[in-house]
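See structure below.
Each chain gets a letter, A, B and so on, in the order its sequence line appears, and its residues count up from 1. Only this structure's heavy atoms are used, side chains among them; waters, hydrogens and symmetry mates stay out.
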Number of protein chains: 2
Amino acid sequence: MKIGELAKKSGCKVVTIRYYEKEGLLPTPERTEGNYRLYGPKDLERLDFIMHCREHGMRPSEIRKLLLFRDTPQRDCTWVANLVDAHIADVDARIASLEHLKKHLERLRGTCGGEREGEVCGIMRSLDDRSCCASCGRQSILR
Amino acid sequence: MKIGELAKKSGCKVVTIRYYEKEGLLPTPERTEGNYRLYGPKDLERLDFIMHCREHGMRPSEIRKLLLFRDTPQRDCTWVANLVDAHIADVDARIASLEHLKKHLERLRGTCGGEREGEVCGIMRSLDDRSCCASCGRQSILR
DNA sequence: CTTGACTCTATAGTAACTATAGACACTACC
DNA sequence: GGTAGTGTCTATAGTTACTATAGAGTCAAG
């Protein structure tokens, strides 16, 4: 099949498929006489795998490692489990960071006193003086 | 004060300060005879404001709007509150998305059967056949 | 034979910075 | 006065994971 069909079947964009090829996630495919890329079912499987990893929030660098493992499977898959564990920990940290950020934003939101004559907006004042962050001390909100 | 001192006082890197200037978040400062940028307390306040917005996860485009408001304050701050509300909603959506992703990852993690002779790693198999995503149907995990 | 859809390559753009190279300015010390 | 070290200057390129664009070639149908 040609690249367009592979794209349709996998749900991956044509340009992205070519990008993955250039990045070494997909093998360089055969070509037709007219220089069109030619793919087989193996390629679709591999691309599905990639898409699935991507849906799980994995970056190409991680996917690359998993593909390598897929290409030369070993008995010991400990590090695969470790990779997923690390990924879960990372997601956890991001959630915690966002929860914290949300608290700050809600506190910030609460400083708005509505439309008052002659007064400066409470949110702007909080952004100026960091009063909405007082309870956290000086450490950073994010990350 | 020179750019290094402003960087130290604000906690922002020197290169980032220059970047903010180029992006129009900071005004073009005066220069010394030797062509060094010269900043005053107003600049530090403005940069603090920017840093504070950044810590709240706001992007330069949003910060730019807030700075404009700061420069020409109006009585009605409704849209400032709306901006913060939209920001909170966005953070909420990201948290929900990550929670969902986490569930998937934990399910994926659970498919690992440990080190077994001659068998393919359960995680790899799940990544191949999407079995860990069966319960969600075909819709995307992320976003 | 021409129209339209598909494909090709190469390059540049995105966000929000970060890193690098090579030159100039300034201060301290000998 | 010379020089070593630090700070600053500009301009350009790199980062991540793609996305968009330009301009040309390929192929099937009418």
Discussion item. Nearest heavy atom decides the nucleotide; on that basis, is Leu38(A) or Ser61(B) closer to the 5' end of DNA chain C?
Written reply: Leu38(A)
Item to complete: Establish, with yes or no, whether the OP1 or OP2 oxygen of dT7(C) is under 4.0 angstrom from a side-chain nitrogen or oxygen of Arg37(A).
Response: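 For dT7(C), OP1/OP2 do not have a side-chain N/O of Arg37(A) under 4.0 Å.
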Discussion item. Just N and O in the side chain of Arg31(A): are any of them under 4.0 Å from OP1 or OP2 of dT7(C)?
Written reply: no
[X] has an atom [atom1]; how far is it from atom [atom2] of [N], in whole Å?
X        : N       : atom1 : atom2 : result
Tyr19(A) : dT9(C)  : OH    : P     : 17 Å
Met58(B) : dA16(C) : CE    : P     : 13 Å
Ile63(B) : dA15(C) : CD1   : C1'   : 13 Å
Lys2(B)  : dC24(C) : NZ    : C1'   : 13 Å
Tyr39(A) : dT7(C)  : OH    : C1'   : 11 Å
Lys8(A)  : dA5(C)  : NZ    : C1'   : 11 Å
Tyr20(B) : dC17(C) : OH    : C1'   : 8 Å
Glu21(B) : dC17(C) : CD    : P     : 15 Å

Discussion item. Return whichever of Lys22(B) or Thr16(A) has its heavy-atom-nearest nucleotide of DNA chain D closer to the 5' end.
Written reply: Lys22(B)
Do the charged groups of [X] and [Y] touch, with an N to O distance under 4.0 Å?
X         : Y         : result
Asp129(B) : Arg125(B) : no
Arg37(A)  : Glu21(A)  : yes
Asp128(B) : Arg46(A)  : no
Asp48(B)  : Lys9(B)   : no

Worksheet item: So, is the end of the Arg31(B) side chain (NZ or CZ) under 6.0 Å from the ring centre of Tyr36(B) and within 45° of the ring's axis?
Response: no
Item to complete: Describe the nucleic acid contact of Arg59(B) in one word from base, sugar-phosphate, nothing, applying a heavy-atom distance below 4.0 Å.
Response: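 The residue Arg59(B) makes sugar-phosphate contact but no base contact.
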Discussion item. Angle between the two end axes of the helix from dC1(C)-dG30(D) to dC30(C)-dG1(D), five base pairs per end, rounded to 10 degrees?
Written reply: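 Roughly 30° between the end axes, to the nearest 10°.
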Are the side chain of [X] and the backbone of [Y] linked by a donor-acceptor contact shorter than 3.5 Å?
X        : Y        : answer
Ser97(A) : Ala93(A) : no
Ser10(A) : Leu6(A)  : yes
His56(B) : His52(B) : yes
His87(A) : Gly57(A) : yes

Discussion item. Going 5' to 3' along DNA chain D, between which two nucleotides do contacts with chain B fall, using a heavy-atom cut-off of 4.0 Å?
Written reply: dG7(D) to dT10(D)
Worksheet item: Considering only heavy atoms and no angle criterion, is a donor-acceptor pair shorter than 3.5 Å present between the side chain of Tyr36(A) and the base of dC6(C)?
Response: yes
